[in-house]
Amino acid sequence: MRTPLRFQGGITRHLCRRTAEWHRRRFRQLVFSRKLAPGAPREVPFEIVSFSGSPGFEDQVLSILSFTAYAGNPLKWTVYSDKSHSPEEKRRLAELFPFVSVEDWDVYPVYRNNRLIADYLGVCGLAMKLNILIGHPYRGQTFYVDSDILFYRNISYYLESPAIASGLWYVPDAMEDVPGYFSGEPRSIFALNSGFLILNGEFDPRGIYRYLESRAGRYGYFTEQSAFEYAFAEQGARLLDPRQFIIDTTDQFRYGIKYHPADIAMRHYTSPVRHKIWQNGWQWHLKGLEQ
């Protein structure tokens with residue numbers, strides 16, 4: 001039996017990150033050279049909301065590009081900025097995607113009128129996301145999408161399903177045992193990941209306020225996600241299939257990428273696997289269109 005070299009996984013991850021950074025820089029050059037010209041696919045009848053900043057600009061562009069390629073143009077895509085985007089980045093987003101608008105995160109003054117949001121904001125910047133999703137005006141079906149989420153071929157099948165046209169939906173957080181989820185194990189072990197949320201109609205924020213109140217000022221990085229989980233549970237939210245809506249970090253030390261664009265609907269490239277977005281270059285994510 002072949003024995004793996006010590007630190008081999010860490011070395012592989014380092015090399016993948018170096019390669020990814022090169023591809024990311026090349027993509028940014030392409031975006032600003034005006035050579036990236038998305039097509040004009042069909043329109044899909046809902047809105048999308050994102051929260052991001054300048055460090056995730058390239059991810060945000062590719063996220064939008066992947067959605068338009070596999071699904072179509074939403075009625076509107078509002079990118080709420082943490083105010084770190086440059087004027088050039090904001091302008092280029094709007095030029096590339098006519099349905100995109102960029103707004104500052106505090107365009108809605110929820111945090112000014114609610115002590116709990118204001119207190120949490122003093123501890124963690126993710127309170128901006130709460131401010132956005134509480135303040136955003138909902139005009140029908142709305143998706144919230146983190147900037148490090150990419151879409152793939154099977155997303156179109158879900159968008160055409162009437163099942164997700166009502167209620168609240170979310171993706172369970174990273175799981176090592178996906179088969180266990182389908183075997184009927186307790187739901188409580190599958191926590192909500194707030195990177196991808198489907199909100200049909202108005203979202204009731206009172207559960208978020210109750211959760212923050214229960215923390216009695218003891219806020220942390222995951223308070224935002226836990227607040228959504230509490231509020232979603234109160235409103236009878238349902239889980240999307242984790243075999244298609246992927247949140248998985250088990251390939252972070254491998255050179256290969258565990259999921260192919262032709263086989264899944266979405267992947268959230270959370271921090272441990274963020275480099276996988278760019279490891280094979282941006283065009284690799286569109287390979288599902290060839291199938």
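Ring geometry for Tyr230 against Tyr211 counts as tilted: the plane angle lies between 30° and 60°, on a 0 to 90° scale. In this pair, Trp278 and Phe27 present their aromatic rings tilted. The plane angle is within the 30 to 60° band.
Every pair passing salt bridge (Lys or Arg N to Asp or Glu O under 4.0 Å) that includes a residue from residues 265-274 is listed here, sequence neighbours excluded: Asp148-Arg274, Asp251-Arg267.
Residues Glu224 and Ser194 have side chains that bring a donor and an acceptor to within less than 3.5 angstrom of each other. Judged by distance alone, the side chains of Thr142 and Glu47 never bring a donor and an acceptor atom under 3.5 Å apart. Counting only N and O atoms by type, the side chains of Asn200 and Gln141 include a donor and acceptor under 3.5 Å apart. With 3.5 Å as the limit, one finds a donor-acceptor pair spanning the side chains of Asp248 and Tyr259. Between the side chains of Lys258 and Thr250, at least one donor N or O sits under 3.5 Å from an acceptor N or O.
Checked against the 6.0 Å centroid threshold, Phe46 and Phe143 count as a close aromatic pair. Ring centers of Tyr158 and Phe245: under 6.0 Å apart, within the cut-off. Ring-centre distance between Tyr120 and Tyr219: below the 6.0 Å cut-off. For Phe67 and Phe151, the gap between ring centers is short of 6.0 Å. For Phe97 and Trp77, the gap between ring centers reaches or exceeds 6.0 Å.
With sequence neighbours excluded, no residue forms a ring pair (Phe, Tyr, Trp, His ring centres under 6.0 Å) with Phe222.
Ion pairing between a basic and an acidic side chain is recognised when a charged N comes within 4.0 Å of a carboxylate O; Glu89 and Arg92 show no such pairing.
Minimum heavy-atom separation, Ser52 to Val79: OG-CG1, 3.6 Å. Contact between Asp146 and Tyr144 at its shortest, heavy atoms only, is OD1-OH, 2.6 Å.
Once rounded to the nearest 0.5 Å, the distance linking CZ of Arg218 with CG of Leu212 reads 12.0 Å.
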